[in-house]
Number of protein chains: 2
Amino acid sequence: MPTPHYGQPRYRVIAGELRARIDACLIESGSLLPTEGALMAEFKASRGTIRHALALLRDEGLIETEHGRGTIVRPPQNLNRSAASEMIRQSQKTPATPTVAKLLEIKPGDLVEEEEIVVRQSGKVQKVIQSYRPAE
Amino acid sequence: MPTPHYGQPRYRVIAGELRARIDACLIESGSLLPTEGALMAEFKASRGTIRHALALLRDEGLIETEHGRGTIVRPPQNLNRSAASEMIRQSQKTPATPTVAKLLEIKPGDLVEEEEIVVRQSGKVQKVIQSYRPAE
DNA sequence: AGAAATTTGTCCGTATGTATC
DNA sequence: AGATACATACGGACAAATTTC
């Protein structure tokens, strides 16, 4: 079988599925997640892919892994699970709007470096952030 | 050869070496890092190990990778050392631009809550940040 | 414009090391 | 000591984005 990764890569899909289970409290916090071997069997994925998925959740602070013991679901901790929201960032050069140009003390239409961040939470766009700096 | 990882694992050693080069400005910021292939040859490590090392630096915000292009050294972050930066913030309701409307899945012109932050440093405007949320 | 080469991204299988039970 | 589970490392294959010719 080839390796077509249409849409989302598998490790992200798997992470999403596990995240959903944790959010839905199908896995009690503090208890152990299925072992990597079990997840390999369930998702029919290689160990590397499973570990990649777990790494995402670990970076989000959702889980914690202990060598030789297993992976546990971290207690909710803080309500502002900032990392649990997904941010998509992109930057590009774009002409300055009049408002931005005035603030940056340049001419409208001059190129500026724009950074755009889209914040999603449970699939829904919560916020759009656009920042502008003078281009080099 | 077996896979003994005495002391530090190799991916961390490699990351350390690259970090040192970046800190010492042996690699100009903005320029491309050696390709993964080149690093494999230099450190005689597999691609996975090299990528593991790069992932560490990426998480530290030291480097940035672009699909098909390569990995660049990020310009030194804002050391938020200079307390001399001043931020002026204001918020208001304003009609959504087409771009923002599309992202928020509303109609262009619909009112959104805008927050604007102007960052000044030694009197000069460095950055303009505009963020948009759906209005209540 | 289009084809080829380059470079990073994803995925798999296997083997071995190390920590915990 | 043995079994279990995570950690590190290798190698190969194909996909996708970018650059080069």
Side-chain angles (χ1 to χ4, degrees), chain A residues 1-19 22 27 30-74 86-93, chain B residues 1-19 22 27 30-74:
Chain A
M1 185 170 60
T3 317
H5 31 280
Y6 303 117
Q8 294 281 7
R10 303 194 53 195
Y11 67 87
R12 228 178 285 179
V13 174
I14 295 173
E17 169 63 23
L18 293 176
R19 189 186 300 109
I22 293 173
I27 310 175
S31 69
L32 277 83
L33 228 59
T35 68
E36 295 177 353
L39 294 173
M40 287 169 66
E42 174 180 354
F43 291 104
K44 298 191 192 343
S46 76
R47 182 120 185 266
T49 301
I50 297 296
R51 287 179 60 80
H52 199 160
L54 292 178
L56 293 188
L57 302 180
R58 190 160 35 240
D59 286 347
E60 293 173 15
L62 265 181
I63 62 176
E64 207 159 332
T65 301
E66 295 170 42
H67 194 163
R69 240 182 69 73
T71 299
I72 66 172
V73 178
R74 282 184 60 177
E86 184 193 14
M87 311 212 315
I88 297 180
R89 171 191 164 282
Q90 67 176 30
S91 66
Q92 60 181 342
K93 286 192 172 56
Chain B
M1 185 168 62
T3 317
H5 33 281
Y6 304 118
Q8 293 281 9
R10 302 195 56 194
Y11 69 88
R12 229 177 285 176
V13 174
I14 294 173
E17 168 63 23
L18 293 177
R19 190 186 300 109
I22 293 173
I27 309 175
S31 69
L32 276 82
L33 228 58
T35 68
E36 295 176 355
L39 294 173
M40 286 169 67
E42 174 180 355
F43 292 104
K44 298 194 193 341
S46 75
R47 187 148 172 242
T49 301
I50 296 296
R51 286 179 61 80
H52 199 160
L54 292 178
L56 292 188
L57 302 180
R58 189 160 34 242
D59 287 345
E60 293 174 15
L62 262 181
I63 61 175
E64 206 159 334
T65 300
E66 295 171 42
H67 193 167
R69 249 182 65 76
T71 299
I72 65 173
V73 178
R74 284 185 61 175

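Model, not experiment: these values are computed from the prediction. The chains referred to below are lettered A, B, ... by the order of the sequence lines, with proteins before strands, and numbering in each begins at 1.
- At D:dT8, one or more side-chain N or O atoms of B:Tyr11 fall inside 4.0 Å of OP1 or OP2 (strictly under the cut-off).
- Atom CZ in A:Arg12 sits about 14 Å away from atom C1' in C:dC11, given to the nearest Å.
- Rounded to an integer number of Å, the gap from A:Gln8 CD to D:dA16 P is 14 Å.
- Side chain B:His67 to base D:dA16: a donor-acceptor pair is found below 3.5 Å.
- Looking at residues two or more places apart in sequence or on another chain, you find no salt bridge (Lys or Arg N to Asp or Glu O under 4.0 Å) involving A:Arg58.
- Closest to the side chain of A:Thr65, from the set C:dG9, D:dT18, D:dC6, is D:dC6.
- A heavy-atom distance below 4.0 Å to DNA chain C is reached by these residues of residues 46-55 of chain A, ordered by number: A:Ser46, A:Thr49.
- Between A:Glu66 and B:Glu66, the one whose closest nucleotide on DNA chain C sits nearer the 5' end is B:Glu66.
- At a threshold of 4.5 Å between non-hydrogen side-chain atoms, the residues B:Leu54 and B:Leu39 count as touching.
- Considering only heavy atoms from C-beta on, A:Glu60 comes within 4.5 Å of A:Leu57 through its side chain.
- Regarding A:Glu36, its CD atom lies at a distance of 8 Å from the C1' atom of D:dA7, rounded to whole Å.
- Taking all atoms of both residues into account, the shortest heavy-atom contact from B:Ala45 to B:Ile14 is CB-CD1, 4.0 Å.
- Sorted by residue number, the members of residues 37-45 of chain B with any non-hydrogen atom under 4.0 Å from DNA chain D read B:Lys44, B:Ala45.
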